[in-house]
Amino acid sequence: MSDQLTLHNTLTGREEIFVPLRAGECSFYTCGPTVYDFTHIGNFRSFLAADLLRRWLESPLCARTAPDRKPEAHAFGQGGYRVRHVMNITDVGHMTDDSAADGAGEDKMEAARKRLAEAKKAGTLPPGVDVDPSDPLGVADYYRAAFVEDARTLSLKVVLDADRDPALLPRATDHIRHMLALILELIERHHAYVDPAGVVYFDTQSFPDYGRLSGNTLEKIRSGAGGRVAATVQASKKHPADFMLWKHDPTHLMRWDPMRVFADAGDAERAELCRKHALKEGYPGWHIECSAMARAILDHDEIDLHSGGEDNIFPHHECEIAQSRCATGKQHFARYWFHPRFLMVNAEKMSKSKGTFFTVRDLLGKGFSPAAIRLELIKTHYRSNANFTEQGLKDSMRMVARWRAFRAKAESIASNDASDPQVEERFARALNDDLNISGALGIINAWINDTPSPTRADGAILDRFDGVLGVLACADEGAPAQSSDGPSDAEIDALLRQRAEARKAKNFAESDRIRDQLAAMNIVITDGPNGATWSRKAAL
RNA sequence: GGCCGAGUACCCAAGUGGACCAAGGGAACGGAUUGCAAAUCCGUCAUUCGCGGGUUCGAAUCCCGCCUCGGCCUCCA
């Protein structure tokens, strides 16, 4: 428990008090999805953890908790940090098999193209979708649009914000020039070199801190090289850990000519540098985009927060740090590194063959609400392996229903007196403790139990909690239309009228028959003093 | 093999040295309510924290060993 926000920082392996570089502001970069396929719930758990952190930073409750920071908190307006949060979309065609780190294996975009082409031929593309599988950018856009739709369903704020400011959701392919500029800078500063085949490598030995994030050392990496990287490739590197920044490849699916990139932008100076260093047509390595975009869009050499799945720690984020710090000369790239752990499904690693790579649309199709999906994916501490199950999803649905009922009841008592003035502070202390979400949920539920007659002020408190959790805010109508095979509202209402007649006549056999009939269609009816109401139940 | 993280009730999960003979949610069970249900409300539900040692007046919490699960060690959120 802490009066101030503490976060576990992967860089130091410790929990640290969060102090941003610029008072009241926070720059935050999240490694976003690759768009070669649908984004699954494991990806979303990681993005939602970042979203929760971002919402907490922005919450008035966050800054309000520390007594010694109250005057400063007022300077933030309503409290909370002004967060600039960027999440990238990786749409450059990288290799399925980077073991030859520089170009063996099938291109992932190529694989996606084939998959889509087959789906189109088989007529299994969703209705209304028109995608040209021969166009890699079109394929990327198709999956990007699907991602944005799912992210919106789950109220991922960075995606919602991108409606207003598209720069917050940058595509890698829109920033090739920034990547090349960074690569040139690294070459000029002797942190990168070009091999005879035109591959640009980062020189890891030029950066003594390489390995600090992951606890690796160059020695360990060298000894652990274990034959996974082809000997011919290794031969052209100065050190096995050196990684690719740019690959010359005139046959690649997505490729750019560095000189033309700068010439088209009117940057003759850099075009000349490309000639000088023999940068030729090809594509960027898979670490450089984040370094380039974070710097270009967040507009600072050092940022506050950087998040990504735990698998990104090495090598991806290690390499980002190396590139960025060598280019900027700063002590840090990001000051705090935030790494949510993997999501398991049914106590096992998610697996394609077991069919456990669920997407958000899969779950919506089963009748689960966006609010329940969001709650289920955020309710386990971000540094634990969460276990995703349908049972858990049902549990979450029940919790959402209780909150909704509380919220509805709170409308009826017009009082400005909160039933428990301390509850917000308890909630804040839990979240300040490295985002202790389970503790925070426990506090909300206990408070709801202890508050049988909530006032309007209590409703406002729940709204403030939900501003952080983003659960009730997930509008159910944000979901794609429910499967169309259910009965229409009019049909249901007609059956309910019949049942009301039967009950009036004490014909309970007929009344129960109608209730069973509706239940079979996943319609749950609730009898109350003012007649019956109904709701659609998740089909499990 | 190296480096990390985790193991708390039927399930999910908080708690990291005394206020814990362990929050909260779900399930289950008993009761109220209901024509019967659903929903709601009331109550019950871990003398115990993966296993074995140790430190301490005191341990789920610290130390040692073991077992199991997960991540990384150039695809992966």
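Predicted model, so just to flag it, every value in this text is computed and none were measured. Sequence lines set the chain letters: A, B, ... in the order given, protein chains first and strands last, and positions in each chain run from 1.
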Roughly how many Å is it from [atom1] in [X] to [atom2] in [N], rounded to a whole number?
X: A:N43; N: B:G71; atom1: CG; atom2: P; value: 15 Å
X: A:E376; N: B:G25; atom1: CD; atom2: C1'; value: 11 Å
X: A:E390; N: B:A27; atom1: CD; atom2: C1'; value: 16 Å
X: A:L518; N: B:C36; atom1: CG; atom2: P; value: 21 Å
X: A:R429; N: B:A14; atom1: CZ; atom2: C1'; value: 17 Å
X: A:L496; N: B:A37; atom1: CG; atom2: P; value: 20 Å
X: A:L343; N: B:G71; atom1: CG; atom2: C1'; value: 13 Å
X: A:I523; N: B:A38; atom1: CD1; atom2: P; value: 18 Å

All N/O pairs under 3.5 Å across the protein-nucleotides 3-6 of chain B interface:
| unit_1 | atom_1 | unit_2 | atom_2 | d |
| --- | --- | --- | --- | --- |
| B:G5 | O2' | A:R341 | NE | 3.4 |

Where the side chain of [X] is defined as all heavy atoms beyond and including C-beta, which of [options] is the nearest nucleotide?
X: A:D311; options: B:C76, B:G25, B:G15; answer: B:C76
X: A:P315; options: B:C73, B:G15, B:G25; answer: B:C73
X: A:D433; options: B:G15, B:G35, B:C12; answer: B:G15
X: A:R503; options: B:G25, B:C36, B:C76; answer: B:C36

Which comes earlier along RNA chain B counting from the 5' end, the contact point of A:D527 or that of A:T34, where each point is its nearest nucleotide?
->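 It is A:D527 whose nearest nucleotide is closer to the 5' end.
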Would you mind telling me which residue lines up with the more 5' stretch of RNA chain B, A:Q391 or A:K349, judged by nearest nucleotide?
->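 Upstream on the strand: A:Q391.
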Gap in Å between the two [atom1] atoms, one belonging to [N] and one to [M], rounded:
N: B:G15; M: B:A9; atom1: C1'; value: 15 Å
N: B:C69; M: B:G26; atom1: C1'; value: 24 Å
N: B:G52; M: B:G18; atom1: P; value: 24 Å
N: B:U16; M: B:A6; atom1: C1'; value: 14 Å
N: B:C49; M: B:G5; atom1: P; value: 24 Å
N: B:C76; M: B:C62; atom1: C1'; value: 37 Å
N: B:A22; M: B:U61; atom1: C1'; value: 11 Å
N: B:U48; M: B:A38; atom1: C1'; value: 36 Å

Any-strand Watson-Crick or G-U partner of [N], both distances under 3.5 Å:
N: B:U34; value: none
N: B:G65; value: B:C51
N: B:C72; value: B:G2
N: B:G58; value: none
N: B:G43; value: B:C29

Sort me out a list of protein N/O and nucleotides 20-23 of chain B N/O pairs below 3.5 Å, or just none if empty.
| unit_1 | atom_1 | unit_2 | atom_2 | d |
| --- | --- | --- | --- | --- |
| B:A23 | N1 | A:S438 | O | 3.4 |

May I ask you to evaluate whether A:K379 reaches the phosphate of B:A13, defined as a side-chain N or O under 4.0 Å from OP1 or OP2?
->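 The answer is no; no side-chain N or O of A:K379 sits under 4.0 Å from OP1 or OP2.
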Would you classify [X] as touching base, sugar-phosphate or nothing, given that sugar-phosphate means primed atoms plus P, OP1 and OP2, and contacts are heavy atoms under 4.0 Å?
X: A:F314; answer: sugar-phosphate
X: A:R513; answer: nothing
X: A:M350; answer: base
X: A:H381; answer: sugar-phosphate
X: A:D512; answer: base
X: A:S307; answer: nothing
X: A:I444; answer: nothing
X: A:G42; answer: base

Taking the side chain as every heavy atom from C-beta outward, state whether [X] and [Y] have any pair of such atoms under 4.5 Å apart.
X: A:R152; Y: A:E149; result: no
X: A:V471; Y: A:V400; result: yes
X: A:H8; Y: A:R14; result: no

Got a donor-acceptor contact below 3.5 angstrom from the A:T389 side chain to the A:N346 backbone?
->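 Looks like no, no N/O pair under 3.5 Å.
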Is the side chain of A:D458 donor-acceptor paired with the backbone N or O of A:S419 at a distance under 3.5 Å, no angle test?
->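 Such a contact is found between A:D458 side chain and A:S419 backbone.
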Taking ring-ring contact (aromatic ring centres under 6.0 Å, His included) as the test, write out the residues that go with A:W447, two or more places apart.
->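 With neighbours one apart ignored, the set is A:F406, A:F465.
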Under the ring-ring contact (aromatic ring centres under 6.0 Å, His included) test, which residues partner A:H339, sequence neighbours left out?
->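 With neighbours one apart ignored, the set is A:H317.
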Going by the side chain to side chain contact (heavy atoms under 4.5 Å, CB included) test, name the single residue among A:R55, A:R54, A:K157 that passes it with A:H85.
->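 Result: among A:R55, A:R54, A:K157, A:R54 is the only option passing the side chain to side chain contact (heavy atoms under 4.5 Å, CB included) with A:H85.
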Which atom of A:A146 lies closest to which atom of A:R361, heavy atoms considered =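 Looking at all heavy atoms of both residues, the closest pair is O-NH2, 3.1 Å.
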Quick one: closest heavy-atom pair of A:C31 and A:F47, and the distance?
->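 For A:C31 versus A:F47, the nearest heavy atoms are O-CE2, 3.3 Å.
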For the rings on [X] and [Y], is their centre-to-centre separation under 6.0 Å?
X: A:F243; Y: A:H287; answer: yes
X: A:F333; Y: A:H306; answer: yes
X: A:F38; Y: A:F147; answer: no

Would you please name every residue forming a side-chain hydrogen bond (donor to acceptor under 3.5 Å, both in side chains) with A:D362, sequence neighbours left out?
->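 By the side-chain hydrogen bond (donor to acceptor under 3.5 Å, both in side chains) rule, A:D362 matches A:T359.
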Polar atom pairs between nucleotides 40-42 of chain B and protein, under 3.5 Å, N or O only, would you list them?
| unit_1 | atom_1 | unit_2 | atom_2 | d |
| --- | --- | --- | --- | --- |
| B:U40 | OP2 | A:R398 | NH2 | 3.4 |

Side chain to side chain donor-acceptor pair (under 3.5 Å) between A:S396 and A:K379: does it pass, once the steps are laid out?
-> CA-CA 9 Å; A:S396 293; A:K379 78 180 183 189; 3.1 Å; yes
